[in-house]
Amino acid sequence: MEHADADPVGARLGRVLVTGAGGQLGQALLESFPDARGLTRAEWDVTHPAPVGLAADLVLHTAAWTDVDGAEDDPQGAAAVNVGGVQHAAALGAPLVVWSSDYVFDGTKHEPYVESDVPAPLGAYGRTKLYGEGAAGDHAWVVRSSWLFGSTSKNFVRTMLRLGAERDEVAVVDDQRGSPTYVGHLAEATRHVLELPYGLYHVAASGDCTWAEFAEAIFEEAGLATRVRRITTDEFGARAPRPASSVLRSERGAPSLPHWREGLRACLDRLG
Ligand SMILES: NC(=O)c1ccc[n+]([C@@H]2O[C@H](COP(=O)([O-])OP(=O)(O)OC[C@H]3O[C@@H](n4cnc5c(N)ncnc54)[C@H](OP(=O)(O)O)[C@@H]3O)[C@@H](O)[C@H]2O)c1
C-alpha cells in the first residue's frame, strides 16, 4: 500500500548523483534533491570514465560544455564533454536525466517546438547536445530546456545586472525569441519528470520574449534605469549562429513551468 509520504519520489530515489555541481542547474538540483551528492568538475571530469567505485541509483547529469560560441572554435572539445560525458554518465548503469537544449532546432518554425519536431542544429553546440541526447541510452529522461538563468554561475540575468550597474544603455539582440527558464523551477520540475516514462521531454518556462525584452524586464524588476537598445543578431555578431525562434512546449505531458517573469522575480529575490 502507498504511504501518505510527503516526498514519495525522494523516498525511493536512493543514491542520487549530480554532475556539474558547480553549474547553475547543478546548484539548483542540489537544493531540490537535498540528499543528492554533487560532483564538481574537479571531482569528476566527465570526459573521463567515472571514478572507480562511484555508484548511483539515479544520475542527474548537468555537466556540460555550455559556451555556445566557444564550441565553434573547438567542436571536438565540446563533443568530448557533451557526448562523451553523457556516455560516461550512462555507463554508471543507473537511470539518467540529461539536459538538452532548444539549440538543437534551427529556429525557422513560427510556433513552439514540440518533442516530435525534427532537430536541425545550426551550430556546433547544438550538434553536440543532439548527439548527447542519443548517447543517453534507453534508461534516460532527456529534458530539453532553454535560456537558463539562476542566482549563481554565468548567465544572462547576472550579466545584465552587472552591465546595468555600469552603463546607461545596453545593446541587446531583439530578433531571437525563446523562453528564459529559471533553474529553480526546472530543478523542481525534474522531480515530476521522474514520474514519467523514460524519453524526451520539453520543459521550459511559460511565456516567451526576445533577449531585449528579457533585458528590459530585468532592469525593470531590479529597479535600474538602464535603457535597452534593440539590435539584430547580425549587429551583435556572435560567432555561433542561433535559432531565431526556439520556444519549447511539450506534447508529452511534461510538467509546465511558471512564467519566465515569475522565474526572474524568484531569481532576483535570491540575489537580494
Ligand atoms: N545555460 C543555458 O542557457 C542552457 C539552455 C538549455 C540547456 N542547457 C543545458 O542544461 C545543462 C546545465 O546547464 P547550466 O546552465 O547549468 O550550465 P553551467 O552553469 O555552465 O554548468 C555546467 C557545469 O558543467 C561543468 N563542466 C564543464 N565541463 C566539464 C567536464 N569536462 N567535466 C565535469 N564538469 C564539467 C562546468 O564546470 P566549470 O564551471 O568548471 O566549467 C559547470 O559547473 C547543460 O546540459 C546545458 O547544455 C543550458
Side-chain angles (χ1 to χ4, degrees), residues 17-32 38-51 54 59-71 74 76-89 96-105 107 113 119 121 123-133 135-136 140-160 176 178-187 189-190 193 200-205 211 214 238 240 242-243 246-248 257 260 263 267:
L17 277 188
V18 176
T19 68
Q24 53 180 345
L25 180 59
Q27 295 275 304
L29 286 165
L30 287 168
E31 289 187 19
S32 293
L39 294 176
T40 63
R41 185 207 286 250
E43 291 161 311
W44 179 16
D45 177 337
V46 300
T47 61
H48 300 285
L54 186 68
V59 181
L60 305 178
H61 180 61
T62 78
W65 177 303
T66 54
D67 177 354
V68 174
D69 292 313
D74 185 5
Q76 285 176 338
V81 186
N82 292 350
V83 188
V86 175
Q87 280 166 342
H88 292 141
L96 177 69
V97 184
V98 300
W99 280 268
S100 187
S101 167
D102 54 326
Y103 284 15
V104 301
F105 293 113
Y113 283 97
Y125 169 75
R127 280 192 291 278
T128 64
K129 295 303 292 182
L130 184 59
Y131 296 143
E133 292 180 2
W141 297 268
V142 174
V143 178
R144 288 190 189 134
S145 194
S146 61
W147 297 25
L148 298 190
F149 65 94
S151 57
T152 65
S153 205
K154 191 172 171 241
N155 61 60
F156 185 80
V157 172
R158 283 164 54 94
T159 301
M160 285 302 124
Q176 292 170 32
S179 299
T181 301
Y182 176 50
V183 288
H185 291 159
L186 182 58
T190 300
V193 169
L200 173 66
Y201 297 98
H202 286 183
V203 185
W211 289 112
F214 190 29
R242 287 163 167 80
S246 57
V247 178
L248 301 178
L257 301 191
W260 60 264
C267 178

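In what follows, every heavy atom counts, from backbone to side chain, and hydrogens, waters and symmetry copies are set aside. For ligands, and for the atoms within them, numbers begin at 1 and follow the listed sequence. The shown structure was predicted, so the numbers you read here are calculated from the model rather than taken from an experiment.
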| query | With a 4.0 Å cut-off, would you call Arg242 and Asp69 a salt bridge? | reply | yes

Using a 3.5 Å cut-off on N/O to N/O, what pairs does ligand 1 make with the protein? A line per pair would be great.
unit_1, atom_1, unit_2, atom_2, d
ligand 1, 3 (O), Leu148, N, 2.9
ligand 1, 15 (O), Gln24, NE2, 2.8
ligand 1, 16 (O), Gln24, N, 3.4
ligand 1, 16 (O), Leu25, N, 2.9
ligand 1, 19 (O), Gln24, N, 3.0
ligand 1, 19 (O), Ser153, OG, 3.2
ligand 1, 20 (O), Thr66, OG1, 2.7
ligand 1, 24 (O), Ala64, N, 3.2
ligand 1, 28 (N), Arg41, NH2, 3.3
ligand 1, 31 (N), Asp45, OD1, 2.9
ligand 1, 32 (N), Val46, N, 2.9
ligand 1, 40 (O), Arg41, NE, 3.0
ligand 1, 41 (O), Arg41, NH2, 2.8
ligand 1, 43 (O), Gly23, N, 3.0
ligand 1, 45 (O), Trp99, O, 3.2
ligand 1, 45 (O), Lys129, NZ, 2.7
ligand 1, 47 (O), Tyr125, OH, 2.7
ligand 1, 47 (O), Lys129, NZ, 2.9

| note | side chain to side chain contact (heavy atoms under 4.5 Å, CB included) test vs Val97 passes for just one of Val18, Val59, Leu60, Leu29, namely Leu60

| Which residues pass the ring-ring contact (aromatic ring centres under 6.0 Å, His included) test with Trp44, sequence neighbours left out? | none

| message | Below 30° counts as parallel, above 60° as perpendicular, anything between as tilted: where do the rings of Phe156 and Trp211 land? | response | tilted

| field | Non-neighbouring partners of Ser101 that pass side chain to side chain contact (heavy atoms under 4.5 Å, CB included), sequence neighbours left out | value | Tyr103, Tyr125, Lys129

| Does any pair with a residue in residues 142-157 pass salt bridge (charged side-chain N to carboxylate O under 4.0 Å, His left out), and if so which ones, sequence neighbours excluded? | Glu133-Arg144

